[in-house]
Every structure is written in C-alpha cells, then in structure tokens.
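Notes to accompany the following structure.
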Amino acid sequence: MLDAKHFREGIEETAALLQRRGFTLDVASLQALEVRRKELQVRTETLQNERNTRSKSIGQAKARGEDIEPLLAEVGSLGDQLEVAKNELQSVQNELQAIIAGVPNIPVAEVPLGADETENVEVSTFGEPTQFEFIAKDHVDIAEDLNNGLDFAMAAKLTGARFVVMKGGIARMHRALTQFMLDLHSEQHGYAETYVPYLVNHDSLHGTGQLPKFGKDLFHVDGESQDQVALSLIPTAEVPLTNMARDEIFDEAELPIKLTAHTPCFRSEAGSHGRDTRGLIRQHQFDKVELVQLVKPEDSMQALEDLTGHAEQVLQLLNLPYRKVLLCTGDMGFGACKTYDLEVWLPAQNTYREISSCSNMGDFQARRMQARFRRKGAKKPELLHTLNGSGLAVGRTLVAVLENYQQADGSVVVPEVLRPYMGGVEVLTPSKG
RNA sequence: GGUGAGGUGGCCGAGCGGCUGAAGGCGCUCCCCUGCUAAGGGAGUAUAGGGUUUAUAGCCCUAUCGAGGGUUCGAAUCCCUCCCUCACCGCCA
C-alpha cells in the first residue's frame with residue numbers, strides 16, 4: 001500500500017510513476033472521492049465533538065441536580081445526523097480503500113522500463129552453460145531412469161495433476177538440498193532459522209499483499225462455520241515470516257532482523273494452465289527456503305544486494321550456472337520496488353529458468369502491516385522496510401542438479417556440498433532389479 | 001470436546017454509565033539534591049486519523065481499554081456474538 005499522500009498531493013506524478021509499470025491510476029475517481037472524504041470527515045468529527053460537549057454538560061448538570069429534560073431535547077436530532085454522516089463517510093472510505101489497496105508499489109528509478117520479461121536486464125552470469133557430449137535428458141527422464149524417483153503418475157492417483165511423489169535417492173537429495181540451504185543461511189549469512197505455520201489468516205495475507213487482489217492464486221481452507229476465521233495455505237514463507245513484524249514496533253537496535261525458514265508452498269497456479277505441465281517446474285506444492293529481512297529504510301537497497309548475494313551463494317556452492325536479472329517495470333511483483341531474479345541454466349530446455357526472486361518491498365508491506373521501528377531518541381515510530389527472496393526454490397534446484405550433473409550412463413553425480421547430507425553418497429545410479 | 005478464569009498504555013495493575021486517554025506502581029527520559037555508590041525530590045513519558053500550517057514545529061479536533069454489533073444524550077464500565085490467552089480434565093502426533 002502506498003502512502004495516502006501519494007493520492008492527495010501530486011497525484012498526477014504518482015500516476016505517471018505507476019504508468020511506468022503499466023498500471024493506470026484512476027485519477028479522476030480518486031480525486032472526486034478524496035474531496036468527498038475530506039468534507040464528510042470534517043462534518044462527522046464536528047458532529048461528534050458537539051455530541052461529546054453536550055453529553056458532558058448533561059452529566060455536569062445532572063451532578064448539580066438540575067433539570068436535564070431541556071438539554072436532552074436539544075441533543076435529540078444530533079444522533080441521527082451523526083449516524084448518517086458516519087455511514088456516508090464509511091462508504092466513501094471503503095471505496096477509496098478498495099482503489100488504493102489495488103495499487104501496486106512504485107518501482108525505484110533504476111528499474112528499467114519495460115513491458116514484460118523480455119525486457120529484463122541481465123546483470124551478471126556465473127559459470128558457463130553446461131555442455132554434454134551426449135544428448136542431455138530432462139529431469140523427468142533422468143529420474144525415471146533412476147528407479148522412477150519422480151513419480152508423477154502416483155501423485156496424480158493420490159491427488160491430481162501438478163503434484164509429485166519423490167522416492168529413494170532423489171527424495172533424499174531433495175531433503176539434502178533443503179538442509180544445505182538452511183545451514184548455509186543460518187550459519188554463514190546470519191539468518192535466524194525459523195519454523196512457521198503453513199496456514200495463515202487473512203490479516204497476514206493482506207499484510208504481504210496476496211489479498212485482496214490475488215486470492216485466486218491460493219488454496220483456501222474453510223472454517224467449520226461461517227463465523228470462524230478462514231485460513232489459507234501459504235504460497236510462500238514470506239507471508240508468515242514477514243507478518244511476524246505486523247503491528248510491532250521494534251527498537252532501532254534490533255534491526256536488521258534476518259529470518260530464514262523452510263516450508264512447503266501451495267499455489268493454485270490459476271491462469272497457468274498449459275505452461276510447464278511436464279515435470280517439477282510448476283507444481284501446486286513445492287518446497288522453498290525463504291529469506292526475509294526487516295531493515296531501516298536507508299539500508300534496504302544494500303540489503304537487497306546482500307540478500308540476493310546470499311541466494312547466489314547457494315547456486316555458486318552447488319556450482320550451477322546461472323544469471324542474475326534485474327526485472328523491468330512491467331515484470332515486477334505487486335509489492336516490489338526493485339527485484340532481481342536468479343535464473344539457473346537448464347540444459348534440457350537450453351535456457352535459464354527462474355529459481356529465485358529477491359525483492360525489496362520498501363515500506364509497501366510495512367504500511368499495510370503497521371510494521372515499525374523507533375529510532376533512538378525519536379518520538380514517532382517509522383515504517384521499516386521489508387525484503388524477501390527465495391534461497392532457493394528447492395524443487396527447481398533439484399531439477400537443476402539432476403540436469404546439470406547427469407552423466408552419459410544415466411547416473412547423476414552428487415554435488416560435493418550435498419554429500420555430507422546424503423551419507424557420503426557420491427553418485428545416484430539406477431540399480432537394476 | 002468439557003469446566004473455570006481472564007483480555008486495560010512498554011510492562012504490572014485500578015477502574016460506582018458522566019469531571020477517565022484512562023488512578024497507582026515499575027521501567028524509561030530530563031532536571032534538582034546528595035563528595036562516589038545507594039537513597040530522595042520534581043517534571044515528562046501511547047497510537048492512528050483529520051483540520052490548520054512553508055513545516056515531520058505548534059495549535060485544534062476525532063478515534064482507540066481483544067474484535068464486531070447493541071442499549072444510552074453519554075459506554076473501559078450494561079447486553080449479545082466472535083476471537084484469543086491461562087488453568088484443570090478428556091482425547092491425541
């Protein structure tokens with residue numbers, strides 16, 4: 001959510017900045033609503049003031065033992081007027097809120113102008129795209145030859161499309177990747193390992209921006225009755241981790257707060273039918289190790305560089321070729337003001353695919369969440385800045401390892417950093433029989 | 001799931017329907033006093049929104065005592081619903 005000031009003073013400039021990312025702000029509606037809001041709010045508060053003053057004098061008169069009847073008569077119609085004014089104000093504020101809640105964050109100046117992912121800017125690359133002297137298989141075929149380690153048919157029986165059952169060495173490698181990432185971030189990068197709920201309430205989803213706009217991308221769990229709180233499965237650990245700061249006021253000295261968690265993520269992938277239907281790339285359920293930072297505003301741009309670097313470390317230690325991309329205005333997420341994507345090389349697709357997305361949300365989420373901190377000696381608390389990034393998506397990392405470490409005989413070499421997590425196994429081989 | 005207790009400011013803790021944005025204490029900040037320490041005296045110490053304003057300064061107003069509704073001229077205080085916390089019992093990974 002943007003500061004309301006953006007819609008009061010200099011709304012034209014705000015509209016222009018938003019237009020860069022392809023969002024058209026309804027300036028006329030907003031201005032009209034804002035005029036009415038101001039008028040109604042002043043009227044409502046004036047009426048409230050009047051009622052309070054009069055009620056107080058009634059109390060005083062009564063205490064003096066005077067006749068109250070005439071005073072009561074005077075107040076008679078006030079209540080009704082107030083009622084009407086309050087209701088009108090409420091509905092105008094609801095309308096305003098509805099518009100403002102749907103407005104995305106403003107990209108920072110250095111974000112390149114562009115319409116979609118084709119206009120993202122490559123910032124750097126690591127390694128060379130892997131070359132093979134044989135015809136590279138994709139991870140689905142590799143796994144099939146490794147004792148059917150990725151069993152999509154079984155998952156379809158149990159649940160449906162876009163789920164997977166992992167087995168044997170591949171399941172173990174999946175777990176090893178998770179452990180490796182968590183240990184790296186908590187031991188080397190200073191993140192506090194955290195365990196969080198996989199179901200969250202709607203306040204949390206609103207706080208990080210999934211609601212009200214993107215509810216269709218989530219899996220919802222109904223309460224037993226209408227009155228009960230509805231919960232949703234988390235689409236990313238960003239939601240519980242970042243919402244830990246909701247309605248909090250931190251001391252300046254407590255910042256930065258750096259958190260990491262491993263969770264499954266659940267996404268309905270509404271609107272993605274037909275894309276990446278084969279394999280692990282796009283699933284309804286996948287695991288991810290998430291990085292979240294809560295920082296002072298002046299630190300958030302550097303924090304984004306740091307956080308992205310932490311995610312890159314995972315790829316570098318796994319020795320997976322990747323490139324780092326600065327997203328253009330048109331490809332950025334709703335709440336982000338700057339985003340880097342990390343794209344890992346997938347030989348079978350002969351291309352780079354997203355494996356991590358690291359964003360600085362600025363104060364956009366913090367404003368929705370009322371996540372604040374107080375500078376030493378300062379009276380007023382300030383909104384802090386939130387950042388998050390995948391460090392990394394575990395399923396896609398598994399895909400990358402299988403495809404980049406495959407050998408001509410169908411076996412897959414286990415990257416060295418994973419071996420301690422796999423009982424020293426150095427290579428995954430198809431066992432006959 | 002059952003029974004009971006309870007949700008008030010950074011924390012603890014009062015609070016007859018009106019003079020309570022909220023006693024008292026702790027903590028914190030500033031000042032005074034005391035040679036240091038300890039003790040003591042005084043003042044201050046919530047958040048959000050709006051109006052005014054060059055102003056994130058002042059000033060004025062409004063809202064907030066778990067949330068939402070209701071009764072009333074007036075609700076922290078009365079009524080209803082929900083949420084949450086704690087204790088004991090039951091069940092259970």
Side-chain angles (χ1 to χ4, degrees), chain A residues 1-10 30-31 33-97 100-101 195 197-207 221-232 243-255 264 296-298 363 366-384:
Chain A
M1 190 164 68
L2 294 173
D3 192 332
K5 278 188 193 133
H6 281 114
F7 304 108
R8 294 193 185 140
E9 307 141 25
L30 271 169
Q31 282 178 325
L33 282 167
E34 182 53 32
V35 168
R36 289 197 61 210
R37 190 228 95 230
K38 189 160 166 177
E39 176 192 313
L40 282 166
Q41 181 158 352
V42 169
R43 189 156 102 231
T44 303
E45 292 187 354
T46 306
L47 285 168
Q48 281 175 322
N49 182 22
E50 177 134 1
R51 182 204 59 194
N52 290 347
T53 312
R54 300 226 180 182
S55 291
K56 202 169 258 186
S57 66
I58 289 175
Q60 286 164 350
K62 200 176 172 185
R64 279 186 250 111
E66 295 170 13
D67 184 16
I68 288 172
E69 285 307 317
L71 288 170
L72 286 182
E74 269 181 62
V75 179
S77 64
L78 249 181
D80 296 336
Q81 290 179 47
L82 183 56
E83 184 79 2
V84 172
K86 258 185 176 170
N87 287 341
E88 277 185 63
L89 176 62
Q90 191 57 51
S91 79
V92 167
Q93 275 178 331
N94 287 348
E95 280 184 67
L96 270 172
Q97 199 49 43
I100 291 171
Y195 174 86
Y198 303 157
L199 287 162
V200 291
N201 60 35
H202 288 186
D203 283 345
S204 295
L205 290 163
H206 191 268
V221 178
D222 293 331
E224 284 175 41
S225 68
Q226 286 265 306
D227 297 328
Q228 274 188 323
V229 194
L231 301 175
S232 305
N243 272 282
M244 284 169 69
R246 176 154 50 87
D247 295 322
E248 298 286 339
I249 300 175
F250 297 98
D251 284 339
E252 181 178 16
E254 291 178 82
L255 302 178
K296 292 192 273 179
E298 63 269 30
D363 62 13
R367 184 169 295 104
R368 294 173 157 236
M369 293 192 299
Q370 284 305 300
R372 294 169 295 176
F373 75 103
R374 204 188 310 266
R375 289 185 199 276
K376 193 165 165 51
K379 195 167 182 231
K380 278 201 174 290
E382 290 176 51
L383 294 171
L384 44 77

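A note on names: the letters A, B, ... follow the listed sequences, proteins ahead of strands, and every chain is numbered from 1.
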Closest non-hydrogen atom pair between [X] and [Y], with its separation:
X	Y	value
A/Met1	A/Arg367	O-NH1, 2.7 Å
A/Ala366	A/Leu384	CB-O, 3.1 Å
A/Pro297	A/Glu382	CG-OE1, 4.2 Å
A/Arg37	A/Arg8	NH1-NE, 3.6 Å
A/Asp203	A/Asn243	O-OD1, 4.1 Å

Problem set entry | Minimum side-chain heavy-atom gap A/Pro264-A/Tyr198 below 4.5 Å |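 When only atoms from C-beta onward are counted, A/Tyr198 and A/Pro264 do touch, with a gap below 4.5 Å.
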Heteroatom pairs (N/O) under 3.5 angstrom, protein to nucleotides 45-51 of chain B:
| from | atom 1 | to | atom 2 | distance (Å) |
| --- | --- | --- | --- | --- |
| B/U47 | OP1 | A/Arg374 | NH1 | 2.7 |
| B/U47 | OP1 | A/Lys379 | O | 3.4 |
| B/U47 | O3' | A/Arg372 | NH1 | 2.9 |
| B/A48 | OP1 | A/Arg372 | NH1 | 2.8 |
| B/G49 | O2' | A/Gln41 | NE2 | 3.2 |
| B/G49 | N2 | A/Glu45 | OE1 | 3.2 |
| B/G49 | N2 | A/Glu45 | OE2 | 3.3 |
| B/G50 | OP1 | A/Arg8 | NH1 | 2.2 |
| B/G50 | OP1 | A/Arg8 | NH2 | 2.7 |
| B/G50 | O4' | A/Gln41 | NE2 | 2.9 |
| B/G50 | O3' | A/Arg37 | NH2 | 2.9 |

What is the separation between atom [atom1] on [X] and atom [atom2] on [N], rounded to the nearest whole Å?
X	N	atom1	atom2	answer
A/Leu82	B/C61	CG	P	17 Å
A/Lys5	B/A55	NZ	C1'	11 Å
A/Leu47	B/U62	CG	P	12 Å
A/Arg375	B/C28	CZ	C1'	20 Å
A/Arg43	B/C61	CZ	C1'	17 Å
A/Asp247	B/C84	CG	C1'	14 Å

Between [N] and [M], how many Å separate the two [atom1] atoms, rounded to a whole number?
N	M	atom1	value
B/C31	B/C36	P	15 Å
B/U37	B/C84	C1'	47 Å
B/G35	B/G21	C1'	44 Å
B/U64	B/A22	P	14 Å
B/G17	B/G13	C1'	22 Å
B/C16	B/G6	P	14 Å
B/G10	B/U47	C1'	12 Å
B/U52	B/A14	C1'	38 Å

For this session: Consider only side-chain N and O atoms of A/Thr46 and A/Asn49, and report whether a donor and an acceptor are under 3.5 Å apart.
Result: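 No, no side-chain donor-acceptor pair sits under 3.5 Å.
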Exercise. Are A/Asn94 and A/Gln90 close enough that a side-chain donor and a side-chain acceptor fall under 3.5 Å?
Worked result: yes
Exercise. Please, what dot-bracket string fits RNA chain B when only Watson-Crick and G-U pairs with both distances under 3.5 Å count, crossing ones use [ ] and pairs to another strand use |?
Worked result: ((((((((.[[[..)..(.....]]]((((((.......))))))(((((((.....))))))).[[[[[..)....]]]]])))))))....
Problem set entry | Crowding at CD, A/Glu83 (>12 non-hydrogen neighbours, <6.0 Å) |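 12 or below, so no.
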Exercise. Is A/Arg51 atom CZ crowded by more than 12 heavy atoms from other residues, nucleotides or ligands, each under 6.0 Å away?
Worked result: yes
Exercise. Going from CG on A/Leu205 to CZ on A/Arg368, what distance comes out if it is rounded to the nearest 0.5 angstrom?
Worked result: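 Those atoms lie 10.5 Å apart.
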Exercise. Below 4.0 angstrom, N of the basic side chain to O of the carboxylate: do A/Glu50 and A/Arg43 qualify?
Worked result: no
Exercise. Are any of A/Asn49's side-chain N or O atoms less than 4.0 Å away from OP1 or OP2 of B/C61?
Worked result: no
Filtered N/O pairs between nucleotides 72-77 of chain B and protein, under 3.5 Å:
| from | atom 1 | to | atom 2 | distance (Å) |
| --- | --- | --- | --- | --- |
| B/C73 | O2' | A/Ser55 | OG | 3.1 |
| B/G74 | O4' | A/Ser55 | OG | 3.0 |

